[in-house]
Amino acid sequence: ETTVCNHPVKHIFRGTFVHSTQDTPLKILEDNVLGVDDDGKIAFIESGKDVVSLSHKWGFKASDVKQLELHEFIMPGLVDTHIHASQYSYTGTALDLPLLQWLNTYTFPVEAKYKDLTFADNVYNKVVRRTLMNGTTTACYFATIHTDASLLLGEIANKLGQRALVGKVCMNCNNAVEHYKESTEESSEETKRFIHELLKKKYPHVRPVVTPRFALSCCSALMRDLGDIAKNNNLHIQSHISENKEECEAVKQLFPEFESYTDVYLKHNLLTDKTVMAHGCYLSDAELQVFRDTGASISHCPNSNISICSGLLDVRNVLNHKVKIGLGTDVAGGYSPSILDAIRRALDSSKVLTIQDPSHQTLTFEEVFRLATLGGSQALSLDSETGNFEVGKDFDALLVNVCAPEGPMDICGPEPPKVLLEKFLNLGDDRNIREVYVAGRRVVPFAETASC
Ligand code: GUN
Ligand code: FE
């Protein structure tokens, strides 16, 4: 470890870096040198042409430099803007019912089990490990209604080094599962206790998010309480919106005095610039304009949208409205816990829209790469901290080797970095993700091996 002007440099990487900026979905930086300071922040990223003068300027030795190999590059960590940690136990199953039936038949009975902290500890360790292995450096989690199990999820994310927003779920009505609901008072009071207890731990990269499940699960009084709690504590908010037609119809019936589904959340003070709403398949242009005006964002969950036959989100239209948007796995409505899968499903969904209407402007892989990284961090209002390789941001990154020996693809000759990235996004998996960093800390490979 070396020191410059009392700023020790923790890691120095040299090679190809790829990331997104506001102006460019894919920026490729070949033969660059990136330095991470002792606080895990990016100290510099500069051309490696004159590495000798760089080493003098930043005070590192040639032996400190980690030189990337052929077919390797570094990209920003993936951001999962919507994942139900509590549903991980049944991921890959139970995809034969539409949303409302799916919730009552599969989801609520499983979520009820999290009052048992031993059950919670097992699943939460597994989902944080699995998502980290898959390159998710930031995850925005739904837990369950249970405060203590939700706190445990925060503890596990902190222990394993994942950046996380963690929500204790709030739901007080319209639930067919008798032993999985709360009163309005319980839900508000336990949300306050959850926030207080989680903030008290002072985990550097884990914070609470106010989590009304969705309008069908929360009465007006509860939504209003939660809006106040978020406002008073300047907290993030997450929920679901306009995922499925039957749900949209039920919201209309339950809240006839409101202009739209979006208006229900707006009038309960749940749409802020720190709100992320999952799905949004059936939002009108007028509703998207409300998202734009409030700064609320959308989590695009294409695997889930297809798997439980909810709908297809027109991401192009969301982007045209300048609404912030990132990708979500929505485990277990989505069957894959990997954002690489979400990237592929997002591209597929966009292509389906083009098949249906050839004038639809299909998303490019570069645009979807941005959704998975910078877009996600913007959707979670974390882009001043993470999302790309701007100096001063935390170093959240993946070291990718497209030619990993046991990996799922072949490279048949010299290829430019853009092709390597495209191949990785379409064909890669965790075997290609050699190292994962969150705020400069290497979190994958794990310090100790996971048990099954
Ligand atoms: N809407 C309300 N709850 C849920 C959930 O758990 N998953 C999905 N996909 N949609 C929801
Ligand atoms: Fe969801």
Side-chain angles (χ1 to χ4, degrees), residues 80-114 123 127 131 139-146 150 165-177 180-182 187 209 211-219 222-223 226 237-251 254 261 264-265 270 275-283 297-313 326-337 339 342 345 379-380:
D80 189 341
T81 60
H82 185 81
I83 171 166
H84 298 262
S86 52
Q87 296 170 16
Y88 183 62
S89 61
Y90 68 99
T91 326
T93 71
L95 300 168
D96 58 338
L97 292 175
L99 177 64
L100 302 183
Q101 293 90 316
W102 178 86
L103 286 172
N104 281 315
T105 307
Y106 303 118
T107 306
F108 296 154
V110 169
E111 289 193 13
K113 295 202 249 178
Y114 286 75
V123 182
V127 69
T131 54
C140 186
Y141 286 116
F142 276 58
T144 60
I145 66 172
H146 312 95
S150 305
L165 294 169
V166 178
K168 170 233 169 299
V169 174
C170 296
M171 45 194 285
N172 70 341
C173 57
N174 303 310
N175 178 352
V177 177
Y180 190 55
K181 67 176 85 164
E182 350 165 75
S187 196
V209 43
T211 306
R213 180 167 211 121
F214 68 155
L216 295 184
S217 294
C218 301
C219 71
L222 178 56
M223 284 197 278
L226 296 176
I237 298 169
Q238 63 178 346
S239 191
H240 299 86
I241 194 166
S242 281
E243 177 176 0
N244 148 305
K245 284 184 182 168
E246 198 186 354
E247 169 213 8
C248 292
E249 206 41 56
V251 169
L254 256 172
Y261 200 157
V264 174
Y265 289 140
L270 290 168
T275 296
V276 57
M277 287 284 168
H279 305 287
C281 303
Y282 298 101
L283 294 174
S297 66
I298 291 174
S299 171
H300 177 37
C301 304
N303 187 313
S304 174
N305 288 345
I306 297 164
S307 290
I308 54 173
C309 296
S310 297
L312 292 169
L313 174 65
L327 297 183
T329 58
D330 196 28
V331 160
Y335 60 75
S336 170
I339 288 293
R345 301 290 86 79
L380 300 178

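From a predicted model like this one, the values you see are computed outputs, not experimental measurements. In listed order, ligands and their atoms are each counted from 1.
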Worksheet item: Does Glu247 come within less than 4.0 Å of ligand 1, judged by its heavy atoms?
Response: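 Under 4.0 Å: no for Glu247.
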Worksheet item: Heavy atom of Phe142 under 4.0 Å from ligand 1?
Response: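 Contact absent.
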Mark up the atoms of ligand 1 that fall under 4.0 Å of a heavy atom belonging to [X], in ascending order.
{"X": "Gln87", "answer": "5 (C), 6 (O)"}
{"X": "Arg213", "answer": "2 (C), 3 (N), 4 (C), 5 (C), 6 (O)"}
{"X": "Asp330", "answer": "8 (C), 9 (N)"}
{"X": "His279", "answer": "9 (N)"}

Where [X] and [Y] come nearest, the two heavy atoms and their spacing:
{"X": "Leu313", "Y": "Gly280", "result": "CD1-O, 3.3 Å"}
{"X": "Ala332", "Y": "Thr91", "result": "CB-CA, 4.0 Å"}
{"X": "Asn175", "Y": "Asn104", "result": "OD1-OD1, 3.8 Å"}
{"X": "Ser150", "Y": "Val166", "result": "O-CG1, 3.6 Å"}
{"X": "Ser307", "Y": "Tyr335", "result": "OG-CD2, 3.3 Å"}

Worksheet item: Within a radius below 2.8 Å of the Fe ion (ligand 2), how many protein N, O or S atoms are present?
Response: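 Near the Fe ion (ligand 2), the number of protein N, O or S atoms below 2.8 Å is 4.
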Discussion item. Could you tell me if the side chain of Thr107 sits less than 4.5 Å from the side chain of Ser86, heavy atoms only?
Written reply: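 Ser86 does not reach Thr107 side chain to side chain.
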Worksheet item: Within a reach of under 6.0 Å around NZ of Lys181, are more than 12 heavy atoms found that belong to other residues, nucleotides or ligands?
Response: yes
Fill in: Full working for side chain to side chain contact (heavy atoms under 4.5 Å, CB included) between Ile145 and Lys168
CA-CA 6 Å; Ile145 66 172; Lys168 170 233 169 299; 4.0 Å; yes
Worksheet item: What part of Leu99 sits under 4.0 Å from ligand 1 if we count only heavy atoms: the side chain, the backbone, both or neither?
Response: side chain
Worksheet item: Side chain, backbone, both or neither: which part of Trp102 has a heavy atom under 4.0 Å from ligand 1?
Response: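 Trp102 to ligand 1: side-chain contact only, backbone stays beyond 4.0 Å.
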Scan the side chains in residues 94-102 for donor-acceptor partners under 3.5 Å anywhere in the protein, sequence neighbours excluded, and list what turns up.
{"unit_1": "Asp96", "atom_1": "OD1", "unit_2": "Tyr106", "atom_2": "OH", "d": "2.6"}
{"unit_1": "Asp96", "atom_1": "OD2", "unit_2": "Tyr106", "atom_2": "OH", "d": "3.3"}
{"unit_1": "Trp102", "atom_1": "NE1", "unit_2": "Ala94", "atom_2": "O", "d": "2.9"}

Worksheet item: Between Phe142 and His240, is the ring centre distance below 6.0 Å?
Response: yes
Practice prompt. Identify the protein heavy atom lying closest to atom 10 (N) of ligand 1, giving its residue, its atom name and the separation to 0.1 Å.
Written response: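 Atom 10 (N) of ligand 1 sits closest to the protein heavy atom Glu243 OE1, 2.7 Å.
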